[in-house]
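This report concerns only the one structure given below.
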Amino acid sequence: MNKFSKSLLAASLAISAMSANAQGTVGELLDGGAKKMTKDQLVAYIGGTKLKGPNRTNEILMDIDLKADGSFSGNVNNPQRRIASDTSGKWDVDDAGKTCMNGRLIAWNMAFNTCFFSYRLGDVTYRTLNDSEDRATTVGKGLDPTKAN
């Protein structure tokens, strides 16, 4: 995979709001008192918010509006490599609390589809690709969305 493709992949992962910086495991979170976020909590948490800022490596800058109607749009930018793209798509939360984001990086006509579960410990949200049944699953600290004006 060349550097350009890696940057595109990083951008699409950044949009998923994972900012996957390992913080431990689902088991450690649960032992610490974390709770898996429900569908209703996630819809209220995500809808009408903005993801703005860098990913965990500070390589990708995001400015994404997550609309209450389940759509999103915005842009991702890698200033060091001088690549950027507008993005748009849909987000959804199923009854099990799985959040999925399906969209496109428009400049490269590149599709992405990513899903994750969310846990809350105090004021921090964590993301994992697997459900809580696997206590050894690694978690990453998520970007906290801010309410859009």
Side-chain angles (χ1 to χ4, degrees), residues 6-78 83-149:
K6 287 180 184 176
S7 291
L8 291 177
L9 179 58
S12 67
L13 292 176
I15 293 169
S16 74
M18 287 291 292
S19 289
N21 186 11
Q23 300 294 319
T25 66
V26 170
E28 291 169 345
L29 283 179
L30 293 174
D31 292 344
K35 302 288 184 205
K36 182 179 169 189
M37 295 179 76
T38 66
K39 177 180 181 174
D40 290 341
Q41 290 170 327
L42 286 162
V43 168
Y45 182 70
I46 296 170
T49 64
K50 180 181 279 282
L51 291 175
K52 188 167 184 152
N55 68 346
R56 70 174 174 83
T57 63
N58 291 317
E59 183 178 359
I60 304 296
L61 299 175
M62 296 175 285
D63 189 358
I64 311 292
D65 290 313
L66 299 159
K67 299 173 183 82
D69 69 0
S71 65
F72 68 86
S73 62
N75 61 67
V76 294
N77 181 8
N78 182 326
I83 59 173
S85 178
D86 288 335
T87 185
S88 65
K90 298 282 184 188
W91 64 269
D92 187 30
V93 182
D94 71 12
D95 289 337
K98 180 170 64 173
T99 302
C100 291
M101 297 184 75
N102 300 294
R104 300 197 79 68
L105 293 169
I106 297 164
W108 305 289
N109 196 28
M110 179 181 160
F112 63 89
N113 177 13
T114 186
C115 298
F116 53 90
F117 294 89
S118 299
Y119 294 82
R120 193 82 173 165
L121 181 60
D123 292 335
V124 181
T125 302
Y126 294 87
R127 310 275 190 259
T128 182
L129 299 179
N130 294 317
D131 203 354
S132 63
E133 300 301 315
D134 182 1
R135 292 178 53 85
T137 299
T138 301
V139 296
K141 184 176 179 292
L143 282 180
D144 284 326
T146 58
K147 285 294 178 187
N149 294 329

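In what follows, residues are counted from 1 in the order of the sequence shown.
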Listed by chain and number, what are the salt bridge (Lys or Arg N to Asp or Glu O under 4.0 Å) partners of D95, not counting sequence neighbours? K39
How long is the straight-line distance from [atom2] of [Y] back to [atom1] of [X], given to the nearest 0.5 Å?
X	Y	atom1	atom2	answer
N77	M62	CG	CE	11.5 Å
I60	N78	CD1	CG	4.0 Å
L42	F116	CG	CZ	8.0 Å
T99	D92	OG1	CG	8.5 Å
T114	L129	OG1	CG	6.5 Å

Would you check if there is a donor-acceptor pair between the side chains of N102 and N113 at a distance under 3.5 Å? yes
Under 3.5 Å, is there a donor-acceptor pair between the side chain of [X] and the main chain of [Y]?
X	Y	result
T128	F117	no
W91	G103	no
D94	A96	yes
R120	K35	no
S88	S73	no
S71	K90	no

Counting only heavy atoms not in K98 (residues, nucleotides, ligands), do more than 12 fall under 6.0 Å from its NZ? no
Candidate pair L51 and L66, rule side chain to side chain contact (heavy atoms under 4.5 Å, CB included), full reasoning: CA-CA 8 Å; L51 291 175; L66 299 159; 3.8 Å; yes
Take Y126 and L121 through the test side chain to side chain contact (heavy atoms under 4.5 Å, CB included) and record every step on the way to the result. CA-CA 8 Å; Y126 294 87; L121 181 60; 4.1 Å; yes
Minimal non-hydrogen separation, A84 against A107, with atom names: O-CB, 3.8 Å
Going through the distances and angles, do R104 and T87 end up as a side chain to side chain contact (heavy atoms under 4.5 Å, CB included)? CA-CA 6 Å; R104 300 197 79 68; T87 185; 5.7 Å; no
If the condition is side chain to side chain donor-acceptor pair (under 3.5 Å), which residues does S118 pass it with, not counting sequence neighbours? R127
Are T125 and M37 close enough that some pair of their side-chain heavy atoms sits under 4.5 Å apart? yes
I want to check something: taking the side chain as every heavy atom from C-beta on, are I64 and K52 in contact at a cut-off of under 4.5 Å? no
Tell me, with the steps shown, if L30 and Y119 meet side chain to side chain contact (heavy atoms under 4.5 Å, CB included). CA-CA 9 Å; L30 293 174; Y119 294 82; 4.3 Å; yes
